[in-house]
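Structure, as structure tokens:
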Amino acid sequence: MMSSALVSVVAQRIAEHARDHRLSAVRVIFHGGEPLLGGPDPVIEAVRTIRAAVEARVQVDSWIQTNGTLLNEKTLHALEPLGIRVGVSLDGDVASHDRSRRYANGRGSHDEVARALQLLMRHPQIYSGLLCVVDLRADPIATYDALLEFAPPVIHFLLPHGNWSAPPPGWSDSAQTPYAEWLIAVFERWYSAPSRETRIRLFEEILHLLLGGKSATEAVGLTPTSLIVIETDGSIEQADALKSTYEGAAATGLHIARDSFDAALRLPQIAARQLGLSALSDECLECSIRQTCGGGLYAHRYRAGSGFRNRSVYCRDLFALITHVQSRLVADLRLLQSL
């Protein structure tokens, strides 16, 4: 647990950064692990401390990403007045979720998460959506339907972390694209629905990029990284996804008590993630969808011995998914032009 004294230091660093860069808004996300292990009070205290530290013109958006097992009505009533938004991790139906999200005794957690989501649905103002890790063992449409049961405002489908030295589950060095096929099945259901069932961030970002926009996520596109992690001991680190590559990959050697966020921005490993096309591998630079794909998530490019200047381990899947979405979009635009 982060001490109150350290929370105050974090708040001052956020205020300093917002002032120096003339930011009108910042987003503070409580992540984990499980951020509700200490109950809602530490989260509420931190939000109030940060909001009190920044200038009045700076909006502090606050979010919690939780596994849902400790979420109850008392906690929701405590979070709602401060507008602290709640996202829940749910990996589909009972069988799919309980396969990977179990208690130490082996019992699945789906029932508790479903109960929490029923409560959260009664608080739509702070219900931010669902996070689901793609599991090739699960049926994609059954997974999507299971998520829709809880009326999420948005769904975040995440590819499981993997890289060239530690490939993701079900991956093989062949022409197969199992993750693209899984996601395309969901895309077709979502895109072809007579009315919008929910938002799916990955698909929306790809469509937005294809139409000339910029991405708001590091999963696709060339938008520079805008995320920094503060551990409970005050260490400043890069995004947690990097921990899936090698020991110490996320470390910066900085600490919130002595270092500013600008000090992190000046680090070579973070500066490299601000370079757009210049940071991509030669293979990526020759690719026709480089602006949309952006090389995929940075952590997924790692290979022992050559670092991160590689194409994504999901390269074939990303190419298949993006070109499929592109073909649907082009066909619909041509149809509109002919009307």
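For reference, positions follow the sequence shown, starting with 1.
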For residues [X] and [Y], determine if any side-chain heavy atom of one lies less than 4.5 Å from a side-chain heavy atom of the other.
X      : Y      : answer
Leu297 : Leu159 : no
Tyr191 : Arg328 : yes
Gln238 : Ile270 : yes
Met1   : Pro42  : yes

Glu112/Arg107 ion pair, N-O < 4.0 Å = yes
Ion pair check, Asp145 and Arg189, cut-off under 4.0 Å
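Judged by the 4.0 Å cut-off on N to carboxylate O distance, Asp145 and Arg189 do form a salt bridge.
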Identify the two heavy atoms, one from [X] and one from [Y], that lie closest to each other, and give their separation to 0.1 Å.
X      : Y      : answer
Ser96  : Ala138 : OG-CB, 3.2 Å
Ile256 : Val9   : O-CG1, 3.5 Å
Ile289 : Leu318 : CD1-O, 4.2 Å
Leu227 : Ala239 : CD2-CB, 3.9 Å
Thr245 : Leu242 : OG1-O, 2.5 Å

Pairing donors with acceptors under 3.5 angstrom, does anything connect the side chains of [X] and [Y]?
X      : Y      : answer
Glu237 : Thr252 : no
Ser174 : Ser172 : yes
Ser89  : Gln65  : yes
Thr143 : Asp139 : no

Applying side chain to side chain donor-acceptor pair (under 3.5 Å) to Asn72 and not counting sequence neighbours gives Thr75
Taking side chain to side chain donor-acceptor pair (under 3.5 Å) as the definition, give me every residue that meets it alongside Ser235, ordered by chain and number, with sequence neighbours left out.
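Ser235 satisfies side chain to side chain donor-acceptor pair (under 3.5 Å) with Asp233 only.
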Ring-face cation of Arg273 near Tyr298 (centre distance under 6.0 Å, axis angle within 45°): yes
- Task: Check the angle between the aromatic planes of Phe157 and Trp182 and answer parallel, tilted or perpendicular using the 30° and 60° thresholds.
- Result: perpendicular
For His31, the ring-ring contact (aromatic ring centres under 6.0 Å, His included) test, sequence neighbours excluded, returns none
Exercise. Going by the side-chain hydrogen bond (donor to acceptor under 3.5 Å, both in side chains) test, which pairs reach into residues 150-166, not counting sequence neighbours?
Worked result: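 The answer is His161-His300.
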Residue pairs passing the side-chain hydrogen bond (donor to acceptor under 3.5 Å, both in side chains) test with at least one member in residues 32-45, sequence neighbours excluded, are Ser4-Glu45, Glu34-Thr66, Glu34-Asn67
Here the gap from Ser288 atom OG to Phe319 atom CZ, rounded to the nearest 0.5 Å, amounts to 4.5 Å
Residue pairs meeting ring pair (Phe, Tyr, Trp, His ring centres under 6.0 Å), one or both in residues 81-116, sequence neighbours left out, come to His97-His110
Can you tell me if Arg301 uses its side chain to pair, donor with acceptor, with the backbone of Gly296 under 3.5 Å?
yes
Quick check: is Ile126 connected to Ile29 through a chain of hydrophobic side chains (ILVMFWY, heavy atoms under 4.5 Å apart)? no
In this structure, is the centre-to-centre distance between the rings of Tyr179 and Trp171 below 6.0 Å? no
